[in-house]
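See structure below.
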Amino acid sequence: MPPLPPDPPLVLALPKGRILAEALPLLARAGIRPDPAVADEASRALRFGTSRAGLEVIRVRSFDAATFVAFGAAQLGVVGNDVVAEFGYSELYAPLDLGIGRCRLSLAGPAGRAVELATRSHVRVATKYPALAKAWFAARGIQAECIRLSGAMELAPAMGLAPLIVDLVSTGRTLAENGLVEHAVLLEVTSRLVVNRVAMKTNPAVGALVDAVAAAVAGARAAEAA
Amino acid sequence: MPRPALLPEGFRDRLPPEAEAVASLLRTVLDTVRMHGYLRVQPPIAEFEAELGRWLGKPGGARLFRSTDPATGEGLALRPDMTGQVARIAATRLGSEPRPLRLAYGGTTVRARGTEIDPARERTQAGAELIGSDGVAACVEVIGVAVEALTACGVEAITVELVLPGLVEALARETWPVADAEAVAAALDGKDRAALASLGADRYAALLDAAGPAARALDALEALGLGGEPADQIARAREVCRGLEDVALRLDPTERHGFAFQSWLGFALFGKAGETTLGQEVGRGGTYAVVRNDGSAEPAVGFSLYVDPLAEAGLAGAAPRRVFLPLGTPPEVGRRLRAEGLATVAALSPEDRADRLDCPLVWDGAQVVG
């Protein structure tokens, strides 16, 4: 049998912000140390080298990380399962739960106002996750009219944009500060290592990298337990 | 005001040289399969909607580009795929021809909706179907012909991934029972180990571990000691691999992406065009059942591919070089050069120039010069 084709260089898409900060120690454990500028939010660079030969890192918004990987522009990425589920890209594999970026996707509304879902045929929701929100309400027989926002969802109820929001909640403090309470959890969220489907099949270096990160995750869990 | 030449989403004009490349690649594929004894059939682009889906054992899943026949009011649809039409021909008009029946086809297909990754709705499909067997020898022949056709198109570093579309279902039914087999299959689609664990289907992760180069993958699957239908499928896949020693083979036992109607074996072809790794499968195929009008089924195996992405990746097939014939060049010179395989572009006026007519070659009155 002839050998499989040789390995082209790999690109790992990392999301900006909190998940990046949590991902870096895990990647270091796997022997992947990106150029320190990657963690510097003031840096204008978007592409960074790493300590691992043949691996480059790009820093993008978390939704865009999934898109880069789905289209094969990056072979691997770190993406929350909220984003994986929102897009439903058939080209994404999510082989590994990194156990970081833990939060939940929740339905929230103004405190003191009950949400009577049983009697509703229609709701209006402000969210960054229209597909997930629509599907969750549809499963309850409710048509959700989703107003797409990319941030500051908590403003929507008070400003009269939408009475309900579907958004990520980690401590619940932002909700409380804006007079909102959580009504239901749509999805428990952690970050996943995602991989482009074709890259996984055609490039053996991709599988090797997944294995290295999997070992790092297992190592981090063992260290936590000890 | 009319829109300036806007086309609907998923439809496009192809210009030279890409249009030529699409035609040439299509011809290359059809010439290759013809040399292996596959006979061309040409089904129509539109059919009764109800007929399109019913000749393959399982539904294909493509969304149909529908309309109503203005003449009769009946529902019509454009073909989203030609395999089902070839199955219809094999089951009906060629139903009493001796088996195995080897058929080839190529043409335009249209689907109602593209995907975000591949938004094209009109695509040029080519392929070959072998009706009457889905055994090891038939699978080896069809995969070999598919590799040869892609090689002739200029695709390099070809890898064939074998898949077992019925394996997970058979396992869930016989060997490794689970509460929600569809949820397990969906978790396997995303290679999502966390989801498998939460479904109480941890041992299915062994199938994810097995995916990889075929020989190693088959060793890993055999080591699971499965028995029954799953073991039988794995043994047959091993035999197919033995028949394809000169092909780079992988095996992914849980992949079902794009294998909606295949039975025991599916395969996908990956490759490169020059330095570019093609981002999607360049061809796919597998075994399936042709369903006859009396409900009986006949085994079959085939492959098909879309030539458009190959042309977009820069593959051209064999295009003739262009030679400019200045005004007054005798007609017999043109005839001779065309017979030698050159495309001739004749000047119509003294103002015509070779470079403006995309001709790297010129007839100087005595010979072709570059």
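Computed from heavy atoms alone, side chains included, the values below leave out hydrogens, waters and symmetry copies. Chain A is the first sequence line, chain B the second, and so forth, proteins listed ahead of strands; every chain is numbered from 1.
- Between atom CD of residue A/E91 and atom OG1 of residue B/T115 there is a gap of 7.5 Å, rounded to the nearest 0.5 Å.
- Taking each heavy atom of A/R197 and B/E281 in turn, the nearest pair found is NH2-OE2, 2.7 Å.
- In this structure, A/E145 places its CD atom where more than 12 heavy-atom neighbours from other residues, nucleotides or ligands lie under 6.0 Å away.
- Separating the CG atom in B/D209 from the CG atom in A/D211 is a distance of 8.5 Å, to the nearest 0.5 Å.
- Within the 4.5 angstrom heavy-atom criterion, only side-chain atoms of B/D252, from C-beta onward, approach chain A.
- Heavy atoms of other residues, nucleotides or ligands lying less than 6.0 angstrom from CZ of A/R61 number 12 at most.
- Nearest approach of B/R193 to A/P95, heavy atoms of both residues: CD-O, 3.3 Å.
- Proximity to chain A involves both the backbone and the side chain of B/E116, based on heavy atoms less than 4.5 angstrom apart.
- Counting heavy-atom pairs closer than 4.5 Å to chain B, the top-ranked of the candidates A/S90, A/G72, A/G207 is A/S90.
- Within a 6.0 Å radius of CZ in B/R203, more than 12 heavy atoms belonging to other residues, nucleotides or ligands are found.
- Closest heavy-atom contact between A/Y93 and B/D189: CE2-O, 3.1 Å.
- The heavy-atom pair separating A/V198 from B/L278 by the smallest distance is CG1-O, 4.0 Å.
- Looking at B/E255, only its side chain comes within 4.5 Å of chain A, counting heavy atoms on both sides.
- The minimum heavy-atom distance linking A/K201 with B/R250 is given by the pair O-NE, 2.7 Å.
- Heavy atoms closer than 4.5 Å to chain B are found in the side chain of A/Y89, but not in its backbone.
- Residue B/A194 comes nearest to A/R192 through the heavy atom pair CB-NH1, 3.7 Å, listed as atom of the first residue, atom of the second, then distance.
- Within 6.0 Å of atom CZ in A/R140, more than 12 heavy atoms from other residues, nucleotides or ligands are found, so the atom counts as buried in its surroundings.
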